[in-house]
Amino acid sequence: MSKKYPFKTIEQKWQNYWETNKTFRVVEDPAIPREKRAYVLDMFPYPSAAGLHVGHPEGYTATDIYSRFLRMNGYAVLHPMGFDSFGLPAENYALKTGTHPRTTTEENIDRFRVQIKSLGFSYDWDREVSTHDPDYYRWTQWIFLQLYKRGLAYMEEVPVWYCPEMGTVLANEEVLTTPEGPRSERGNYPVERRPLRQWMLRITEYADRLLEGLETLDWPESIKAMQRNWIGRSEGANVRFTLEDSTEVLEVFTTRPDTLFGATYMVVSPEHPVVKEITRPAQAAEVQQYIDASRLKSDLERTDLAKEKTGVFTGAYAINPVNDERIPVWIGDYVLMSYGTGAIMAVPGHDERDREFAETFGLPIIQVVANPDVESWEEVPAGGRGATIAEAAFTGNGIACNSGEFSGQDTEAVKQSIITWLEQKERGTRAVNYKLRDWIFSRQRYWGEPIPLVHCGDEIVPVPEDQLPLTLPEVESYKPAGTGESPLAKVDEWVACGCPDGSDRPGRRETNTMPQWAGSCWYYLRYIDPHNTAKIADREKLDYWLPVDLYVGGAEHAVLHLLYARFWHKVLFDVGVVSQDEPFQRLVNQGMILGSDGMRMSKSRGNVVNPDDVVAEYGADSLRLYEMFMGPLRQSKPWSTSGLMGMHRFLDRVWRLGERELFDGEPPIALKKTLHKTIRKVGDDTRNLDFNTAISQMMILVNELYKEDTLYRGIWEPFLRVLAPYTPHIAEELWERAGYEAPVSCAEWPIYDEALTTDDQLTIVVQINGKVRAEFQADRDSDRDVLETQARSLEKIQSYLAGADVKRTIVVPNRLVNFVIG
RNA sequence: GCCGGAGUGGUGGAAUUGGUAGACACAGGGGACUUAAAAUCCCCCGGCCCGAAAAGGCUGUACGGGUUCAAGUCCCGUCUCCGGUACCA
């Protein structure tokens, strides 16, 4: 296909122009009113060795078009880019080759920067940040110290995923469940759970605020739902069961205190500490065997194998606090130690899992809630056992039965009254539980931010803020220490240091480093004041730009990154760094770009498209335009090279129009109308990020321009301004060639004339019983009876109406006339 | 299982929120230009029926019902696909 238009030269020329002139540099100008400022943010990339993927330019083009559009509309736009440059791949590479991760990372960053710049994005490159830069991570460490000082960072022994092969702890999200059991995401090595002392961040303390904050955000409902699920708040009660012949009390959390009368047994998790205390000698062997088996199982595939309920009786009995019934205590691995209290009251009548367990082991099932959709239920006499209900557990709300004084009330009421009753008797309390766990924050790796703490004897002393950054020492080997400690632990001269509190005590540096999430938790703040050496960022500047008005990125960060960043932002709000407690006002997830086979792009499928090749062959403008034309931004869509060629063809057509001589005369009214419709539609669609339909409108205009022999200046000039945010290079070049002062990037968005966006003549459809039978032209806003008369006068309609009984006539002005006939 | 989203031509997708279904593009077909090809320009393009053609008719937005003068759009039920999550008490 032809590549007539010299995109290579043009794109290079204008990229140089923008760079030399710092066209997109932005400063905090107080004269610009608040409502004319916008912070448009991309999720910054991890600079992988593979280079840019075609998925990156999708979101980046979207925000670029939006930013350019806003600028042309008089906005000050903060639109920065940077690199999430700490991370495991560079360190793994170092392990293999001995190359310093910094070297690899910085080479990759250089390559990424070139690739990103080749697409002509309007970033303010003066604000670029990289998370591995000591000037940057100095402030990551500073934030950690604020967390530490507020008691939000603590050390605890927790079971963590440990990879013996790599000698390091992995985050939950770095572990995949495979048919062979849990494996590391990178390298596919087996991993296992080990209890290790780790740094934890108390994100659970912010659970409610993280939940409530979602209400105020303009985010996709699906992402909010995922975060709500992740936080997993549930309300209920903690209920204390006394144990027979024991001083121990078994506490459970339940969301259904109203079913307490139906609790016929209890189950504790195999890891529960009370197991040791309560197991009777007769059951000891069996219990121990079960615990051992379940430990193995959890190391393998607990979730998948766990379809059938297993368990074992401890020999112990508990007393149901509401009716003093004696109920057996079992152990079962369907009860998780990590949720609630690690023990449950089992209500097999009204919980599917408990029901399944009870049926497996022949435990009694009592109905205590009547399904209101079924008329009757069996009232069991007090103390009656063995009365079962229907085929399955009824888990809905209904009317309490078999519940002593509480019978007859509805579920919600019983919940409240039983909680009150429990509280009065001091047998339980109202309680809220979360699925959300505290955040395991330490990694036994080299290539991350050192945690700025020093162990002085038993005391932990923070590195004073004015001594930050605490930089990474050079190491001889990137291999983990093999002791569950990071490679830093082997660097004696770095680890050994004086205690920073000024005493003579010897100190040992914390050798754990932070996870990759740390740097990306707050990068959007540093863009605001990237070179500040005294503060994380100047307060006035933060107030100038925050919150982020539009944040675009992939849905894969729906929970972790976006939750962690919100958490840190709220802490920084509490610390007084920022003035609002949510960082990202509006969030949009771009859809995935799939291979041309409709499958996820991957090397193994051989369907990967390299943006460099596309830019080389068709140009950045074609790539940008194609990625926006493929379909709605938020939707996943397959790549099509012929589709891309179509976009290139369109730009070629635009270019050839530009080779015509400009004519200053008055353009035909039809063309002017199309122009003004185009200005309006492209403006509206760009504002809504509906780029695909904006582009088709521009195509309509270009198609019409081709029907004329002359190119009218009055059409061409505004068209170039409309085109500019989408394909800025060709627009700049044509703008300059048309004799206007560059750059078009700084031109004003054209204003459309409302009157020219509407047609005076409209096609009115005539329907008979809702079926289109004819159509005619009518003046805009014609009266109803005028339309009806015109419709009736049509020959074809007359033949339909002849002899028919018109029961009703519906006239929709500017649209249709519908005759309902008998 | 649960939560979220989506099913429209050969393909990617439009459709002013109830008012001409298929804009725009890709692929395909035809024509013009050319010695020829490429490129370019113009035209056609959901299916079926009738017709030489023009016209016309029927049908059609996953499937089955419903509301309405009118349904891709609203309601009820079913199926399929994608994303997330999974014994969370």
Side-chain angles (χ1 to χ4, degrees), chain A residues 1-4 177 220-226 228-230 232-234 236 252-256 259 267 302-304 306-307 309 332-336 338-347 350-354 356-357 395 433-437 555-556 558-559 589 591-592 594 596 598 600 626 629-632 634-647 649-650 652-653 656 681 684 690 692-700 702-703 706-707 763-775 796 807-821:
Chain A
M1 85 165 291
S2 97
K3 287 169 211 161
K4 270 198 217 130
T177 20
E221 212 34 63
S222 60
I223 303 283
K224 289 200 205 181
M226 279 188 220
R228 283 191 198 103
N229 282 339
W230 192 265
R233 183 182 203 274
S234 48
V252 302
F253 172 73
T254 177
T255 55
R256 293 296 301 270
T259 61
V267 187
R302 188 148 150 182
T303 44
D304 236 39
K307 286 298 154 209
K309 295 277 177 290
D333 67 3
Y334 80 96
V335 175
L336 307 175
S338 57
Y339 184 79
T341 62
I344 60 157
M345 62 177 218
V347 185
H350 305 282
D351 182 283
E352 280 157 18
R353 297 151 301 177
D354 295 346
E356 212 186 303
F357 190 89
T395 57
N433 229 298
Y434 300 91
K435 268 200 284 193
L436 183 70
R437 304 261 67 89
E556 65 273 19
V559 176
N589 291 121
M592 219 183 324
L594 307 168
S596 47
R600 217 186 177 102
Y626 175 59
F629 186 71
M630 290 171 88
R634 300 160 180 83
Q635 194 172 303
S636 291
K637 51 245 158 191
W639 182 267
S640 151
T641 301
S642 51
L644 169 72
M645 279 158 55
M647 293 304 105
R649 197 173 300 147
F650 168 71
D652 209 31
R653 274 161 73 79
R656 279 183 279 113
K681 180 152 179 68
D684 289 350
D690 292 330
N692 54 332
T693 48
I695 294 166
S696 38
Q697 183 60 39
M698 290 192 266
M699 288 173 166
I700 290 170
V702 167
N703 288 345
Y706 260 84
K707 297 200 170 104
T763 304
I764 304 298
V765 165
V766 188
Q767 298 180 333
I768 303 291
N769 288 341
K771 290 196 179 190
V772 180
R773 297 297 180 187
E775 58 182 47
K796 199 173 163 204
K807 288 180 176 157
R808 213 174 140 185
T809 306
I810 289 113
V811 180
V812 182
N814 296 331
R815 295 211 192 281
L816 61 79
V817 179
N818 186 11
F819 295 105
V820 183
I821 60 177

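Reckoned from all heavy atoms, side chains included, excluding hydrogens, waters and symmetry mates. The structure displayed is predicted, hence computed values, not measured ones. Chain letters run A, B, ... following the sequence lines, proteins first and then strands; every chain starts at 1.
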**Item:** Pairwise P distance for B:C75 and B:G19, with rounding to whole Å
**Value:** 15 Å

**Asked** In the strands shown, is B:G77 matched to any nucleotide by a Watson-Crick or G-U wobble pair with both distances under 3.5 Å, and which?
**Response** B:C63

**Prompt:** If the C1' atom of B:U34 is compared with that of B:C44, how far apart are they to the nearest Å?
**Reply:** 23 Å

**Item:** Distance test, side-chain N/O of A:Gln635 to OP1/OP2 of B:G5, below 4.0 Å
**Value:** no

**Complete:** Nearest heavy-atom approach of A:Gly631 to A:Asn692 is C-ND2, 3.7 Å

Could you pull out the protein-nucleic contacts involving nucleotides 64-74 of chain B (nitrogen or oxygen on both sides, under 3.5 Å)?
from: B:C69; atom 1: OP1; to: A:Arg808; atom 2: NH1; distance (Å): 2.8
from: B:C69; atom 1: O2'; to: A:Asn818; atom 2: ND2; distance (Å): 3.3
from: B:C69; atom 1: O2; to: A:Asn818; atom 2: ND2; distance (Å): 2.7

**Prompt:** Can you name the nearest heavy-atom pair linking A:Val252 to A:Met345, along with the distance?
**Reply:** CG1-N, 3.6 Å

**Message:** In whole Å, measure the gap between the P atoms of B:G56 and B:G7 for me.
**Reply:** 32 Å

**Item:** Any donor-acceptor N/O pair, A:Asp690 side chain to A:Pro632 backbone, under 3.5 Å
**Value:** no

**Message:** Pairing donors with acceptors under 3.5 angstrom, does anything connect the side chains of A:Arg653 and A:Asn703?
**Reply:** yes

**Prompt:** Does any non-hydrogen side-chain atom of A:Thr395 lie less than 4.5 Å from one of A:His350?
**Reply:** no

**Separation of atom CG in A:Leu594 from atom P in B:C81, rounded to whole Å** = 17 Å

**Complete:** Rounded to whole Å, CG of A:Asp690 lies from C1' of B:U17 at a distance of 14 Å

**Message:** For B:U20 and A:Arg773 - does any side-chain N or O of the residue sit under 4.0 Å from the phosphate oxygens OP1/OP2?
**Reply:** no

**Prompt:** In terms of the nearest nucleotide of RNA chain B, which residue is placed more toward the 5' end: A:Tyr339 or A:Val765?
**Reply:** A:Val765

**Asked** What is the distance, rounded to the nearest whole Å, between atom NZ of A:Lys637 and atom P of B:A6?
**Response** 14 Å

**Asked** Expressed as a whole number of Å, how far does the C1' atom of B:G13 sit from that of B:A6?
**Response** 14 Å

**Request:** Pick base, sugar-phosphate or nothing for A:Arg228, based on heavy-atom distances below 4.0 Å to the nucleic acid.
**Result:** nothing

**Message:** Rounded to whole Å, how long is the line connecting atom OH of A:Tyr626 with atom C1' of B:C24?
**Reply:** 14 Å

**Asked** On a whole-Å scale, what distance lies between the P atoms belonging to B:A53 and B:G10?
**Response** 23 Å

**Prompt:** Does B:G4 pair with anything, Watson-Crick or G-U wobble, both distances under 3.5 Å, and if so, with which nucleotide?
**Reply:** B:C82

**Prompt:** Given the P atoms of B:C3 and B:U8, what is the spacing between them in whole Å?
**Reply:** 24 Å

**Asked** With sequence neighbours excluded, what pairs up with A:Asp351 under the salt bridge (charged side-chain N to carboxylate O under 4.0 Å, His left out) test?
**Response** A:Arg353

**Asked** In whole Å, what separates the P atom of B:A27 from that of B:A38?
**Response** 14 Å

**Request:** Would you indicate what A:Thr809 reaches in the nucleic acid, counting non-hydrogen atoms under 4.0 angstrom: base, sugar-phosphate, or nothing?
**Result:** nothing

**Request:** For A:Asn692, answer base if it contacts any base atom (sugar-phosphate contacts may also be present), sugar-phosphate if it contacts only those atoms, and nothing otherwise; contact means non-hydrogen atoms under 4.0 Å.
**Result:** sugar-phosphate

**Min side-chain heavy-atom separation A:Thr693-A:Lys681 under 4.5 Å** = yes

**Prompt:** Just wondering, do A:Gln767 and A:Leu816 contact through their side chains at under 4.5 Å, heavy atoms?
**Reply:** yes

**Message:** Which is it for B:G64, anti or syn, if anything within 90° of zero counts as syn?
**Reply:** anti

**Request:** Could you check whether A:Lys796 gets within reach of a base, just the sugar-phosphate, or nothing at all, counting any heavy atom under 4.0 Å?
**Result:** sugar-phosphate

**Request:** Could you state the atom-to-atom distance from OH of A:Tyr334 to C1' of B:A89 in whole Å?
**Result:** 8 Å

**Request:** Name the nucleic acid region contacted by A:Glu221, choosing base, sugar-phosphate or nothing; use a 4.0 angstrom heavy-atom cut-off, strictly under.
**Result:** nothing

**Fill in**
Here the distance between atom C1' of B:C24 and atom CZ of A:Phe650, to the nearest Å, is 10 Å

**Prompt:** Nearest-Å distance, NZ (A:Lys435) to P (B:A89)?
**Reply:** 7 Å

**Prompt:** Between A:Val817 and A:Thr809, is a side-chain contact (heavy atoms from CB on, under 4.5 Å) present by the stated rule, with each step listed?
**Reply:** CA-CA 7 Å; A:Val817 179; A:Thr809 306; 4.1 Å; yes

**Message:** Does B:G19 have OP1 or OP2 under 4.0 Å away from a side-chain N or O of A:Lys771?
**Reply:** no

**Request:** Select base, sugar-phosphate, or nothing to describe what A:Ser696 touches, counting heavy atoms under 4.0 Å on all strands.
**Result:** base

**Prompt:** B:A89, B:A15, B:A21: which one has an atom nearest the side-chain heavy atoms of A:Thr693?
**Reply:** B:A15

For nucleotides 25-28 of chain B, give me every protein contact, N/O to N/O, under 3.5 Å, one pair per line with atom names.
from: B:A25; atom 1: OP1; to: A:Asn703; atom 2: ND2; distance (Å): 3.1
from: B:C26; atom 1: OP1; to: A:Arg649; atom 2: NH1; distance (Å): 2.7
from: B:C26; atom 1: O2'; to: A:Ser642; atom 2: OG; distance (Å): 2.7

**Prompt:** What interatomic distance, in whole Å, is found between C1' of B:G64 and the corresponding atom of B:C82?
**Reply:** 24 Å

**Request:** To the nearest Å, give me how far apart CG (A:Asn229) and P (B:G1) are.
**Result:** 17 Å

**Message:** So A:Pro632, base contact, sugar-phosphate only, or nothing? Heavy-atom distance under 4.0 Å.
**Reply:** sugar-phosphate

**Message:** Any donor-acceptor pair under 3.5 Å linking the side-chain atoms of A:Tyr626 with those of A:Thr641?
**Reply:** no

**Prompt:** Just wondering, do A:Val820 and A:Ile810 contact through their side chains at under 4.5 Å, heavy atoms?
**Reply:** yes

**Asked** A:Lys796 side chain to A:Arg773 main-chain N or O, any donor-acceptor pair under 3.5 Å?
**Response** yes

**Message:** With nearest nucleotide decided by heavy atoms, which residue, A:Ala555 or A:Ile695, maps closer to the 5′ end of RNA chain B?
**Reply:** A:Ile695

**Asked** Hey, does A:Ser338 reach any base, or is it just sugar-phosphate, or nothing, if we go heavy atoms under 4.0 Å?
**Response** nothing

